[in-house]
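What's counted below: heavy atoms across the whole structure, side chains too, no hydrogens, waters or symmetry copies.
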Amino acid sequence: MNLPNLQTERYEGIEYQLSNLFTHDYDDDYVKTDYASTKCIYDMNIHFSVEMFDQNDAEATSYAFDEEIDLLNAVHDDYILIREESLENEQTSIKKEVPASVGYPGYIQIVHGAPSTYGERSSYFTATLEVDDEYYVFQLIGKEENMGYMYDDFIDIISSVQK
């Protein structure tokens, strides 16, 4: 879609580019932590969030898995599992490494589903990046039928991350 008017946003030690169409979102029921940055384009019903998990958070998360798992995978997989559990009739894409344009190691996945059996289906673009031993989970969420146009914008956001 090529969201216009990119501006620098800062959150917990990183910077990234986000369209100025996004404004602060007071609804944060789609994030895991209390200290997430949440934004929204109300006219388009698109939500964006970024959350940071430090080494201690990541290690605690890794203990929840039966098999040994590295911290990046633990944070990402845990986030995806929580998202899947929050949805009805969910469908989850395969986990892929983020594109080469992203300057940090990470994974990206998409979960589609509705909050209830009769609710409207949404797409949850989710990427987890490891930046200097901290783990950042980015989400871009919107109506499933519209989100096909937003994937490139999501890649642009995570590609713009800098320490």
Side-chain angles (χ1 to χ4, degrees), residues 9 11-14 16 18 22 25 27-41 45-117 119-161:
E9 296 284 335
Y11 172 77
E12 296 292 329
I14 61 168
Y16 54 93
L18 193 65
F22 283 94
D25 188 2
D27 176 15
D28 62 359
D29 62 348
Y30 54 92
V31 295
K32 184 176 174 182
T33 64
D34 292 334
Y35 51 89
S37 175
T38 55
K39 306 276 185 171
C40 186
I41 303 175
N45 199 23
I46 294 176
H47 299 268
F48 170 82
S49 68
V50 58
E51 295 173 79
M52 189 271 289
F53 300 89
D54 64 19
Q55 282 286 125
N56 293 333
D57 297 329
E59 287 174 9
T61 299
S62 72
Y63 295 129
F65 292 89
D66 292 333
E67 70 280 352
E68 191 169 319
I69 188 170
D70 67 81
L71 299 182
L72 175 60
N73 274 291
V75 171
H76 182 81
D77 292 357
D78 182 63
Y79 213 98
I80 293 297
L81 287 170
I82 290 169
R83 175 60 59 222
E84 289 172 336
E85 290 171 359
S86 74
L87 300 172
E88 297 288 329
N89 300 317
E90 84 284 342
Q91 297 173 308
T92 305
S93 72
I94 61 168
K95 179 170 58 174
K96 301 186 306 186
E97 290 186 10
V98 293
S101 62
V102 179
Y104 297 96
Y107 296 104
I108 190 168
Q109 226 165 342
I110 302 169
V111 180
H112 306 282
S116 66
T117 304
E120 188 171 39
R121 289 180 60 85
S122 293
S123 294
Y124 298 78
F125 297 169
T126 307
T128 306
L129 304 181
E130 181 178 356
V131 180
D132 293 343
D133 295 326
E134 295 177 322
Y135 304 90
Y136 295 86
V137 177
F138 293 83
Q139 291 188 101
L140 190 64
I141 305 163
K143 293 179 184 177
E144 184 176 20
E145 67 243 21
N146 299 336
M147 290 302 285
Y149 301 105
M150 300 299 298
Y151 188 76
D152 288 343
D153 294 290
F154 186 62
I155 297 300
D156 289 345
I157 292 167
I158 63 173
S159 294
S160 70
V161 172

> Where do Glu12 and Glu134 land on the side chain to side chain contact (heavy atoms under 4.5 Å, CB included) test, with the steps shown first?
Replying inline: CA-CA 10 Å; Glu12 296 292 329; Glu134 295 177 322; over 6 Å; no

>> Met150 and side-chain contact (heavy atoms from CB on, under 4.5 Å): which single residue from Ile157, Ile46, Ile141 fits?
In response: Ile46

> Is there a donor in the side chain of Glu9 and an acceptor in the side chain of Ser37, or the other way round, less than 3.5 Å apart?
Replying inline: no

> If you take all heavy atoms of Gln139 and Phe154, which pair is closest and at what distance?
Replying inline: C-CE1, 3.9 Å

>> Just to verify, which of Glu88, Glu90, Glu144, His112 counts as forming a side chain to side chain donor-acceptor pair (under 3.5 Å) with Arg121?
In response: Glu144

> What distance do Asn89 atom CG and Ser116 atom OG have between them, rounded to the nearest 0.5 Å?
Replying inline: 10.0 Å

> So how far is it from Thr126 OG1 to Arg83 CZ, rounded to the nearest 0.5 Å?
Replying inline: 6.5 Å

What side-chain donor-acceptor pairs closer than 3.5 Å can you find for residues 62-76, not counting sequence neighbours?
| residue | atom | partner | partner atom | Å |
| --- | --- | --- | --- | --- |
| Ser62 | OG | Glu59 | O | 2.7 |
| Asp70 | OD1 | Leu72 | N | 3.2 |
| Asp70 | OD1 | Asn73 | N | 3.0 |
| Asp70 | OD1 | Asn73 | ND2 | 3.3 |
| Asp70 | OD2 | Asn73 | ND2 | 2.6 |
| Asn73 | OD1 | Lys95 | NZ | 2.5 |
| Asn73 | ND2 | Tyr107 | OH | 3.4 |
| His76 | ND1 | Thr128 | OG1 | 2.8 |
| His76 | NE2 | Gln109 | OE1 | 2.8 |

> Where do Leu129 and Tyr104 come nearest, in terms of heavy atoms and distance?
Replying inline: CD2-O, 4.3 Å

> To the nearest 0.5 Å, how far apart are NE2 in His47 and OH in Tyr124?
Replying inline: 9.0 Å

>> Can you give me the closest heavy-atom contact between Ile110 and Ser123, atom names plus distance?
In response: CG2-CB, 4.5 Å

> Do you know which two heavy atoms are closest between Ala127 and Ile158, and how far apart they sit?
Replying inline: CB-CD1, 3.9 Å

> Of all heavy-atom pairs between Asp133 and Gln55, which one has the smallest distance, and what is that distance?
Replying inline: O-OE1, 3.0 Å

>> Filter on ring pair (Phe, Tyr, Trp, His ring centres under 6.0 Å), then keep only pairs touching residues 128-151, sequence neighbours left out; what's left?
In response: Tyr16-Phe138, Phe125-Tyr151

> Passes side chain to side chain contact (heavy atoms under 4.5 Å, CB included), Val137 versus Lys32? Steps please.
Replying inline: CA-CA 10 Å; Val137 177; Lys32 184 176 174 182; over 6 Å; no

>> Could you check whether any side-chain heavy atom of Phe53 comes within less than 4.5 Å of a side-chain heavy atom of Thr33, counting everything from C-beta outward?
In response: yes

>> Give me the atom names and distance for the closest heavy-atom approach of Met147 to Leu140.
In response: CE-O, 3.6 Å

> Say you draw a straight line from CG of Asp28 to CG of Asp34; how long is it, rounded to the nearest 0.5 Å?
Replying inline: 7.0 Å

>> Using 0.5 Å steps for rounding, measure from the OG atom of Ser49 to the CG atom of Asp25.
In response: 9.5 Å

> Once you round to the nearest 0.5 Å, how far does OG of Ser159 lie from CG of Asp152?
Replying inline: 10.0 Å

>> Main chain of Thr38, side chain of Tyr30: is a donor-acceptor contact present, judged purely on distance under 3.5 Å?
In response: no

